[in-house]
2 protein chains.
Amino acid sequence: MPVARRPTLSDVAQEVGVSAKTVSRVLNEDGPVSAETRERVMEAVQRLGFRPNLMARHMRLGKSDTAIGLVVPDMSNPFFATVVSGIESVTHGRGLTLLIGSSAQDAERERSLVGTFLARRVSALLMAPIPSADHGYLKAERSAGLPVVFLDRPGTGLTADSVLSSNRQGAREGVAHLIRHGHRRIGFIGDTPTALYTRRMRLRGYRDALAEAGLAYDRALVAGGQDVEGAADATERLLTLADPPTALLAANNFSSMGAVVGLARAARKDVALVGFDDIPLAGVLEPALTVVAQDPAAMGAAAATIALSRLDGDRSRARSTEIPTRLVLRGSGELRPR
Amino acid sequence: MPVARRPTLSDVAQEVGVSAKTVSRVLNEDGPVSAETRERVMEAVQRLGFRPNLMARHMRLGKSDTAIGLVVPDMSNPFFATVVSGIESVTHGRGLTLLIGSSAQDAERERSLVGTFLARRVSALLMAPIPSADHGYLKAERSAGLPVVFLDRPGTGLTADSVLSSNRQGAREGVAHLIRHGHRRIGFIGDTPTALYTRRMRLRGYRDALAEAGLAYDRALVAGGQDVEGAADATERLLTLADPPTALLAANNFSSMGAVVGLARAARKDVALVGFDDIPLAGVLEPALTVVAQDPAAMGAAAATIALSRLDGDRSRARSTEIPTRLVLRGSGELRPR
DNA sequence: TTGAAAGCGCTAACAG
DNA sequence: CTGTTAGCGCTTTCAA
């Protein structure tokens, strides 16, 4: 089967018997064109199935690509999937296309993705940065006018806008809630690596709440894993301690699921639990799961909005936007210690 | 702050005192360059922070963009989020970038997204097509060599590759499982619009199983909604029928959640349930949820693999790939009717 | 081993 | 109202 070449502007022009510029004028409604010419051009465009080449257009205009690049650690994490839909809800109206890549928690891969996006001349860069990576290499791009927005975690080595959850305050509220219900031994189920910004902030909030209540911080009550399974194991391990916790704070979505699984396996419905990040069906678990809910869609939308305002010329200094978390009471955090 | 122009190939060339072509040769390891020249070019590239402009490169080569376009109905649906990570796992190794857009179940929007992708000259197009849309307008592109792969549902009006779940067979097995456990009145909780391909196929599988068991099909037992809430309401309504179902098949992920919520609200732990599409925490629900699990990551990977083989010159006729579902027994489907 | 010229598809600037 | 020329940043072709 012969592979037909895609028609170009000049193909259309030739077909109609006008110059390329005239066709361009018709398509971009730029400058005056006689009704009849317009008509004939449009007809030829239809007939040939012509579609202007955006690459060529962007290049000629010497502008950035009308796309924004997004780097997330893992697309299949519902948190980031929802962040993406928040971003898209903002960018779509502006005719911006979304380029997405997963860093898979690998600094090399993150850098290579960012490199590709830069080579494509994206209009802006949104990223949930890898903790171990330095982002100083973006300094030149940023001062050349490329908007960079860090999402979920601040970046290292680069001053840029960021959009974060109220991690510390949220965790503090969650733990205070458990304390209010009489708990004195409260475990912390986090993720690994422990260097992750969100984990550190949430651990800080956990310690804040303990300190406010005059409770000692016990490292033995801090555990975690890489995934749901790891968090479930960690939960079960905490329960076998000599002086075990009567309540738990799980510090992110999969830790929350892991804690639920671990408690279910140990058949311990008496252990209170507050999760971080809402999870589906939290309401029908038994007991129903109390959580510190984040608002990932709002985070994505905020990040995109900031990037757009930068594109629109906002040159004010970099700022950090905090999206509030919300304690959603459903029951699991209100159990009393026995 | 002065916004610096990005350095170009000729900037680097000028800096080093060679021609643009020489710099190009160094960067692409194309043709002979003296070690010393190479050294000096590389140094200048580093110093200026030069990054070749991919748009210009693609254009000059007259090839497609090294990107593939993906249209999904809704990014925040974990099913599609997982499909995306499956796609990415395949494309990343090939240096392809992923362009993503949400159609939001709107035919206009789908078409505009596809239009944008085509204008960008993507190398391939993957999409979960809107049921109400005709995709005949892609015929010319396809015969011009653009790989098109439909995901999750076949497209309308266009012969193209597709990757689908074994919807009918999966539903049949799920319902047969309920029948095997003694159920004779089995409800179907689906999504709307009812024209959706997956719903139609799963309903067919449901009817297959009933027919095989000699059970009559009763339209009154078929209900559904647009989201979790709607499915929950539909579930509650089915339970109030004069001759209510003793078991349910929920036909997708949010219908499954809705059915779980509806049964929980009605406090009916005696009603058997088989969900379609696995959901998180299915194992710790009470009773634990039996599901017909799909494999969204495999679907994404298969779609990407097919697109790549087409790019590599595979001109065989369009084929439909079926990714098998798997009945995961956890308890909720094994309840006996009272 | 290196360079000059031409051109990918498009549009800005200027003529006509 | 319409056309011509030039050039965005890169690579191919051909020549030196």
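Sequence lines set the chain letters: A, B, ... in the order given, protein chains first and strands last, and positions in each chain run from 1.
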Next on the checklist: Measuring from atom OG of B:Ser64 to atom CG of B:Leu146, what distance do you get when rounded to the nearest 0.5 angstrom?
Outcome noted: 7.0 Å
Checklist entry - Under the side-chain contact (heavy atoms from CB on, under 4.5 Å) criterion, do B:Ile100 and A:Val84 qualify, and how do the steps go? => result CA-CA 10 Å; B:Ile100 300 191; A:Val84 172; 5.6 Å; no
Item to check | Whole-Å distance separating the CG atom of A:Leu61 from the P atom of D:dG7 | outcome: 17 Å
Checklist entry - Is it the case that more than 12 heavy atoms not belonging to A:Gln14 sit under 6.0 Å from its CD atom? => result no
Item to check | Atom-pair distance (CZ on A:Arg57; P on D:dC8), nearest Å | outcome: 18 Å
Next on the checklist: For a quick test of reading the model: is some side-chain N or O of B:Ser24 closer than 4.0 Å to OP1 or OP2 of D:dT11?
Outcome noted: yes
Next on the checklist: Quick check for you: among D:dC10, C:dT2, D:dT2, whose closest atom lies nearest to any side-chain atom of B:Pro32?
Outcome noted: C:dT2
Checklist outcome for this item: To the nearest 0.5 Å, atom CG of A:Leu151 lies from atom OG of A:Ser162 at 9.0 Å
Checklist entry - Is any side-chain N or O of B:Arg60 under 3.5 Å from a base N or O of C:dG9, one able to act as donor and the other as acceptor? => result no
Item to check | Nucleotide nearest B:Lys21 when distance is taken to its side chain, options C:dG9, D:dT11, D:dT12 | outcome: D:dT12
Checklist entry - Given that B:Arg25 and B:Met55 both sit by DNA chain D, which one's nearest nucleotide is further toward the 5' end? => result B:Met55
Checklist entry - Among the nucleotides C:dA12, C:dT2, D:dT12, which one has an atom lying closest to any side-chain atom of A:Asp30? => result C:dA12
Checklist entry - Given atom CG of B:Asp65 and atom C1' of D:dC10, what is their separation to the nearest angstrom? => result 15 Å
Checklist entry - To the nearest Å, how far apart are A:Gln14 CD and D:dG3 C1'? => result 15 Å
Item to check | Spacing between B:Arg6 atom CZ and D:dC8 atom P, to the nearest angstrom | outcome: 17 Å
Checklist entry - Can you check whether B:Ser19 has a side-chain N or O nearer than 4.0 Å to OP1 or OP2 of C:dT2? => result no
Checklist entry - Atom CD of B:Glu29 and atom P of D:dT11: how far apart are they, to the nearest Å? => result 13 Å
Item to check | N/O (side chain, B:Thr8) to phosphate O (OP1/OP2, D:dC8) under 4.0 Å | outcome: no
Checklist entry - With respect to the side chain of B:Leu9, which nucleotide from D:dT2, D:dT11, C:dC10 is positioned closest? => result D:dT11
Next on the checklist: It should be established whether A:Ser34 places a side-chain nitrogen or oxygen under 4.0 Å from OP1 or OP2 of nucleotide D:dT2.
Outcome noted: yes
Item to check | Side-chain-base donor-acceptor pair under 3.5 Å for B:Arg121 and C:dG9 | outcome: no
Next on the checklist: Could you measure the distance from the CE atom of B:Met127 to the CD atom of B:Glu110? Nearest 0.5 Å is fine.
Outcome noted: 3.5 Å
Checklist outcome for this item: Testing D:dC10, C:dG9, D:dT11 for proximity to the side chain of A:Asn53, the answer is C:dG9
Checklist entry - Are A:Thr37 and D:dT2 close enough that a side-chain N or O sits under 4.0 Å from OP1 or OP2? => result yes
Item to check | Residues B:Glu88, B:Arg94; criterion salt bridge (charged side-chain N to carboxylate O under 4.0 Å, His left out); working and verdict | outcome: CA-CA 10 Å; B:Glu88 225 223 349; B:Arg94 290 270 298 231; over 6 Å; no
Item to check | Between C1' of D:dT2 and CD of A:Glu36, the distance in whole Å | outcome: 13 Å
Checklist entry - Whole-Å distance between D:dG7 C1' and B:Met59 CE? => result 10 Å
